[in-house]
Amino acid sequence: MAEPAASKQTSALMAPETAERLFRYLVDAVKDYAIFLLTPEGLIASWNAGAQHIKGYQPEEIIGEHFRIFYTEKDKLAKKPEAELQIALQTGEFKEEGWRVRKDGSRFWASVLLTPIRDEHGRVLGFGKITRDLSERRAAEARYRLLIEGVTDYAIYSLDPQGNITSWNSGAQRIKGYTLNEIIGKNFSLFYTPEDREMGIPQQVLETARELGHFAGEGWRMRKDGSRFWASVVVTAMRDEEGTVTGFSKVTRDVTERQIMLEKIHEHSRELEVQMAAREQSNAELEAFAYSVSHDLRAPLRAIAGFGDALKEEYAAKLDPNGNDYLNEILDATRRMNALVQDLLEYGRVSRINIPLEPVSVGDAVHEALKRVGDRQNLTVDVTPDLKAYGHLPTLTQVIINLVDNAFKFHETGAIPKVHVRAEDKGDRVRVSVQDNGIGIAPAHQERIFQVFERLHEREKYSGTGIGLAIVKRGVTRMNGKFGLQSEPGKGSTFWFELPKPK
Amino acid sequence: MVTNKLVLLVEDDPADARLIQRAFDKAELDIAVTRLTNGDDAVAYLDGQPPFENRVLYPVPAVVILDIKLPRRSGLEVLSWLRNQHYGLKRLPVVILTSSRHSVDVNRAYDLGVNSYLAKPESPADLTRLAATFHSYWLQLNESPDVQS
């Protein structure tokens, strides 16, 4: 048995013989590594605990055997063991990971180092061999690979430092269209669009991953068939213990679906915006039109009323009763038309989409409304002090005016109208009600009357434009309130509306 | 006190002009109303330009009643011109009488220096009352400024 070559690095603290002995014990004791000697011909000359543990042989069973005994049939046929010795001799060492065989015939994945041992003259005294069992790690790797392989939703693959593809999974094949054989060794910039490649995007991605550790982003990528898809991408730099980049791992997900959906949503909301703008504009146009029409109608109305009046004043005596009658009808009609134009203008005002809302004093609105309604008998008011609503003062005032006007109008001939206006605090809202003792409204009509131009009575009985309640409905709605009515024919009516309180 | 009772009425609508004139007549007020139909004429009259250079035939009025919607130059432009004069004429009382109650118009008129803003009444009775009130206020109560120097 060859003696181990004298180490040139023996500590000065120990006697050479002690150091030698300690080395021996060291090697002997190591269990995780098989460390043993081979003769220049490759026969096993020593054995340690690790070798016994890993390969399964007792020292007496194995010493003297050729080390090819540890190789698979395939390797033995290919004369691999012998080749390894040659390589070690020529290059100074042989290092690899590969399959080895245990005593019981089972295979294990080994990490192997074979080193020639020379004396001072360069003569080969033998070889040193260190073998490590990587089965555990290999099993873990295998499980890992299966896992990666199995994932079809994500392309998971690796690149070398230059970006050439070194691994592939089924997800990558599904998403990008290339098979393993087609893509291995090619550069990942192949997946980028021509525009991106021109701008040097792939290189920038790797740079970023190199500098920051990883790159995450989204963008268009190309499949094998030239079609494009929207990818969500993470590139991570892989480093060895010294920190040198050994390659990159890349995970790509096809999120085209999501992107398409997002773009559809954007398009849809853009369309909605356009529609809304168009509608706002057409509303504004309608409003302007309604305003100018109503406004321009007043001029001829003034003329008719004015000259009719002049006619009446200066020529009534010259007309017979019939003539005067006709004249009065004309003047009456102009008054009605005036009221109509006024109400139409008011309806237009109240229909505007953007009525500015703010805290308003309900008391002020009631006060102003009653002032405009004029002096009335039997009108009682009960307004909670300091009551505020979130609304629009002019609109609120107009609504109250219309309700009070109606309350006084619709009573039986000869009956004395009594009207009670109440404004009360209802917690999170304000309720205003106008109660009368008039003719009442049958349930069948209670919804209709809030529509424009709807009237329940002939003009001879009760005058009116048929717009008053429509204005109430629009105004209250525009102020985000609710309205309603309690009534029975002959039993009077209570019209009410509620508005939110200021926050 | 007003020394001359001339009202310059600038109104393009013939019906309105006639009715307003009638309202002043009906009230038997001792006033003369001269009517012009467009903004350019109004400026020419006030400026003493032809054909209005004869100040005996066409004296400076005590007050101007001005409509807003006028051909050639709007009432507000006439008002603006007037207030930008460099002598007493710029003090001339102006009352706008128009169909628009639009707050934009009202505010703009006051910004430009109108003395009063009236909306044309819908009923003839109200128009008569307006003429009488107008006369009481602007031609009897109101102190006139010096519009010559």
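None of these values were measured; they are calculated from a predicted model. Naming: A, B, ... by sequence-line order, numbering from 1 per chain.
- Across B:Asp16, B:Asp13, B:Leu19, the residue that shares the most heavy-atom pairs under 4.5 angstrom with chain A is B:Leu19.
- A 6.0 Å sphere centred on CG of B:Leu57 holds more than 12 heavy atoms belonging to other residues, nucleotides or ligands.
- Atom OG of B:Ser123 and atom CG of A:Leu331 lie 10.5 Å apart (nearest 0.5 Å).
- No more than 12 heavy atoms of other residues, nucleotides or ligands shown are found within 6.0 angstrom of CZ on B:Arg108.
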> Between A:Glu314 and B:Arg22, does a side chain to side chain contact (heavy atoms under 4.5 Å, CB included) hold up when you go through it step by step?
Replying inline: CA-CA 12 Å; A:Glu314 297 172 33; B:Arg22 185 172 173 274; 2.8 Å; yes

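- At most 12 heavy atoms of other shown residues, nucleotides or ligands fall within 6.0 angstrom of atom CG in A:Asp386.
- The minimum heavy-atom distance linking A:Ala303 with B:Ala15 is given by the pair CB-CB, 3.7 Å.
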> Can you list the steps and then say if A:Arg335 with B:Glu122 is a side chain to side chain contact (heavy atoms under 4.5 Å, CB included)?
Replying inline: CA-CA 8 Å; A:Arg335 274 190 285 276; B:Glu122 305 311 330; over 6 Å; no

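- With a 4.5 angstrom heavy-atom cutoff, B:Ser100 touches chain A via backbone and side-chain atoms both.
- Scanning for ring pair (Phe, Tyr, Trp, His ring centres under 6.0 Å) contacts around B:Tyr137 gives an empty result, with sequence neighbours left out.
- With a 4.5 Å cut-off on non-hydrogen atoms, B:Pro14 does not touch chain A at all.
- At most 12 non-hydrogen atoms from other residues, nucleotides or ligands lie less than 6.0 angstrom from NZ of A:Lys312.
- A:Glu313 is listed as a side-chain neighbour of B:Lys26, based on a closest heavy-atom distance under 4.5 Å.
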> Stepwise, does the side chain to side chain contact (heavy atoms under 4.5 Å, CB included) test hold for B:Ser99 with A:Arg302?
Replying inline: CA-CA 10 Å; B:Ser99 40; A:Arg302 267 199 306 274; 3.5 Å; yes

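- Applying the side-chain hydrogen bond (donor to acceptor under 3.5 Å, both in side chains) rule to pairs touching residues 404-417 of chain A yields A:Arg376-A:Asp405, sequence neighbours excluded.
- For B:Arg18, the CZ atom sits in a loose shell: 12 or fewer heavy atoms of surrounding residues, nucleotides or ligands are nearer than 6.0 Å.
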